[in-house]
Colleague: 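Pasting a structure here, questions to come.
Basis for what follows: all heavy atoms, side chains included, without hydrogens, waters or symmetry-related copies.
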Amino acid sequence: MNEKIEKAVRVVLGLALGVFIGRSLWLWRDVSARPELYAANSAPWYAPLLLEGGVLAGLILIGMLILWLLARRKGK
């Protein structure tokens with residue numbers, strides 16, 4: 001059962017990281033192609049990425065904690 005949980009946590013973390021990288025690249029390409037759309041905003045173009053990066057960092061911390069707890073439980 002622990003192996004299934006560990007695999008699921010690793011898949012979720014990998015997917016979250018992949019989505020963040022893909023969204024970052026898409027946003028960068030969109031800003032490069034149409035800078036006038038983002039110049040009108042008062043916030044910088046990367047502001048949504050800061051929030052998403054914070055959520056991703058929290059998710060990674062929780063996932064690493066779960067993996068650590070599973071490894072600790074497996075060792076006993």
Colleague: List for me each residue that meets side chain to side chain donor-acceptor pair (under 3.5 Å) alongside R34, sequence neighbours excluded, and say none if there are none.
Modeller: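 Counting only residues at least two positions away or on another chain, R34 forms a side chain to side chain donor-acceptor pair (under 3.5 Å) with D30.
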Colleague: Starting from the C-alpha separation in whole Å, work towards a yes-or-no answer on side chain to side chain contact (heavy atoms under 4.5 Å, CB included) for L17 and L13.
Modeller: CA-CA 6 Å; L17 184 61; L13 291 178; over 6 Å; no
Colleague: If hydrophobic clusters are built by linking Ile, Leu, Val, Met, Phe, Trp and Tyr wherever their side-chain heavy atoms come under 4.5 Å apart, do L50 and L27 end up in the same one?
Modeller: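 Per the 4.5 Å side-chain linkage, L50 and L27 are co-clustered.
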Colleague: In Å, rounded to the nearest 0.5 Å, how long is the span from CG of L56 to CG of L61?
Modeller: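 So the CG of L56 and the CG of L61 are separated by 9.5 Å.
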Colleague: Work out which heavy atom in P48 is nearest to a heavy atom in P44; give both atom names and the distance.
Modeller: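 Closest pair (atom of P48, atom of P44, distance): CD-O, 4.4 Å.
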Colleague: Could you pull out all residues at least two apart from E52 that satisfy salt bridge (Lys or Arg N to Asp or Glu O under 4.0 Å)?
Modeller: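 Salt bridge (Lys or Arg N to Asp or Glu O under 4.0 Å) list for E52, sorted by chain: R23.
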Colleague: Do V19 and I62 share a hydrophobic cluster, counting only Ile, Leu, Val, Met, Phe, Trp and Tyr and linking them when any side-chain heavy atoms are less than 4.5 Å apart?
Modeller: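 Hydrophobic grouping puts V19 apart from I62.
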Colleague: Closest approach of L49 and S24, non-hydrogen atoms and distance?
Modeller: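 Nearest pair, atom of L49 first, then S24: CD2-OG, 3.6 Å.
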Colleague: With hydrophobic residues grouped by side-chain heavy-atom distances under 4.5 Å, do V12 and V55 end up in a single group?
Modeller: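 Cluster IDs for V12 and V55 differ.
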Colleague: Examine I60 and F20 and state if one hydrophobic cluster contains both, with Ile, Leu, Val, Met, Phe, Trp and Tyr joined whenever side-chain heavy atoms are less than 4.5 Å apart.
Modeller: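 Yes, it is one cluster - the side chains of I60 and F20 are joined through contacts under 4.5 Å.
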Colleague: Are L59 and V11 linked, directly or through other ILVMFWY residues, by side chains that come within less than 4.5 angstrom of each other?
Modeller: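 No.
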Colleague: Please report the closest heavy-atom contact between E6 and L67, naming both atoms and the distance.
Modeller: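 Looks like CG-CD2, 3.5 Å.
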Colleague: Measuring from atom OH of Y38 to atom OG of S32, what distance do you get when rounded to the nearest 0.5 angstrom?
Modeller: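 If we round to the nearest 0.5 Å, Y38:OH and S32:OG are 10.0 Å apart.
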Colleague: Output, in order, the C-alpha distance, side-chain angles, deciding distance and verdict of side chain to side chain contact (heavy atoms under 4.5 Å, CB included) for W26 and I21.
Modeller: CA-CA 9 Å; W26 176 83; I21 291 171; over 6 Å; no
Colleague: Show, in sequence, the C-alpha distance, side-chain angles and deciding distance for M64 and V9, and conclude whether the side chain to side chain contact (heavy atoms under 4.5 Å, CB included) test is met.
Modeller: CA-CA 9 Å; M64 296 302 279; V9 168; over 6 Å; no
Colleague: Can a salt bridge be assigned to the pair E3 and K7 using a cut-off of 4.0 Å between side-chain N and carboxylate O?
Modeller: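 Salt bridge flag = no for K7 with E3.
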